[in-house]
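Convention: sequence-line order gives letters A, B, ...; per-chain numbering from 1.
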Amino acid sequence: MEIFKVVGFCIIATVLIIIIKQQKPEMALMLTIVAAVGIMLFAISKMSDIFNLLDNLASKSGINKDFLIIIIKVTLIAYIVEFGKNICSDAGQTAIATKLEMAGKVIIVTLSLPIINSLVNILSGLV
Amino acid sequence: MDIDLLFKIAGIGILVAVLSQVLTKAGREDQAMMTTLTGLIIVLMLVITQISSLFETVRTVFKL
């Protein structure tokens, strides 16, 4: 199955990185970035069918379309922020990693403001 | 998941490491520094094209 390819790719990348880490740590960081980007490309191309299914379900069940778009954006932002955060902390820059995580959280909250507004409107309507 | 790009970058890294060792042993530290920098810039260009293709794929796959 494909999972063997992915695991083999990760192991080969780790071995290469260990080889290069002593002489050139910055080259090892480049290798980690390329390996991480390769695996993410593989995963995201797989995720498109999942989101097509979500679109069909949303259009059938009549959920508000832009809420679904916000949900997709939030999950994407979470993945990308985690991708950058782990690479920065791998390189030893935990300060940058935590700041990146904070920025990601702020962006996610600002993105989900419309949902919070509509929730509040619905609740105030009930009262 | 192109493994050959991984091997290409590992090859460049090993080559630069060996070259800089040879140059430092030959007493030319500045040239060793230059080769390290050029190797790093070449690899950085490869990495940047990979990252831009990742973000482009993300944008097209999710129609954002």
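- The OG atom of B/S20 sits 8.0 Å away from atom CD of A/Q23, with the distance rounded to the nearest 0.5 Å.
- The choice from A/M40, A/M47, A/K5, A/M30 that makes the most heavy-atom pairs within less than 4.5 Å of chain B is A/M30.
- In terms of hydrophobic clustering, with Ile, Leu, Val, Met, Phe, Trp and Tyr side chains grouped at heavy-atom distances under 4.5 Å, A/I50 and B/L54 are assigned to a common cluster.
- One hydrophobic cluster, built from ILVMFWY side chains closer than 4.5 Å, cannot hold both A/V81 and B/V58; they sit in different ones.
- Rounded to the nearest 0.5 Å, atoms CZ (A/F42) and CG (B/D2) are 12.5 Å apart.
- With a threshold of 4.5 angstrom between heavy atoms, A/I44 approaches chain B through its backbone and through its side chain.
- Residues A/I33 and A/I39 fall within the same hydrophobic cluster, defined by Ile, Leu, Val, Met, Phe, Trp and Tyr side chains chained together at heavy-atom separations under 4.5 Å.
- Listed by sequence position, B/T36, B/G39, B/L40, B/V43, B/L44, B/V47, B/Q50 are the residues of residues 31-50 of chain B in contact with chain A, using a 4.5 angstrom heavy-atom cutoff.
- For A/I80, the part sitting under 4.5 Å from any heavy atom of chain B is the side chain, from C-beta outward, and nothing else.
- More than 12 heavy atoms of other residues, nucleotides or ligands shown are found within 6.0 angstrom of NZ on A/K85.
- In terms of hydrophobic clustering, with Ile, Leu, Val, Met, Phe, Trp and Tyr side chains grouped at heavy-atom distances under 4.5 Å, A/F9 and A/I12 are assigned to a common cluster.
- Under the side chain to side chain contact (heavy atoms under 4.5 Å, CB included) criterion, B/T57 pairs with A/L41, B/V61, sequence neighbours left out.
- For the side chain to side chain contact (heavy atoms under 4.5 Å, CB included) test, no residue two or more places apart in sequence or in another chain qualifies with A/I18.
- Contacts between residues 4-14 of chain B and chain A, defined by a heavy-atom separation under 4.5 Å, are made by B/L5, B/L6, B/F7, B/I9, B/A10, B/G13, B/I14.
- A/L119 and A/V109 are not part of a single hydrophobic cluster, where members link through side-chain heavy atoms under 4.5 Å apart.
- Only the side chain of A/F51 comes within contact range of chain B, with heavy atoms under 4.5 Å apart.
- For the atom pair CD1 of B/I51 and CZ of A/F83, the computed distance is 5.5 Å after rounding to the nearest 0.5 Å.
- Of the atoms belonging to A/I72, it is side-chain heavy atoms, and not backbone ones, that fall under 4.5 Å from chain B.
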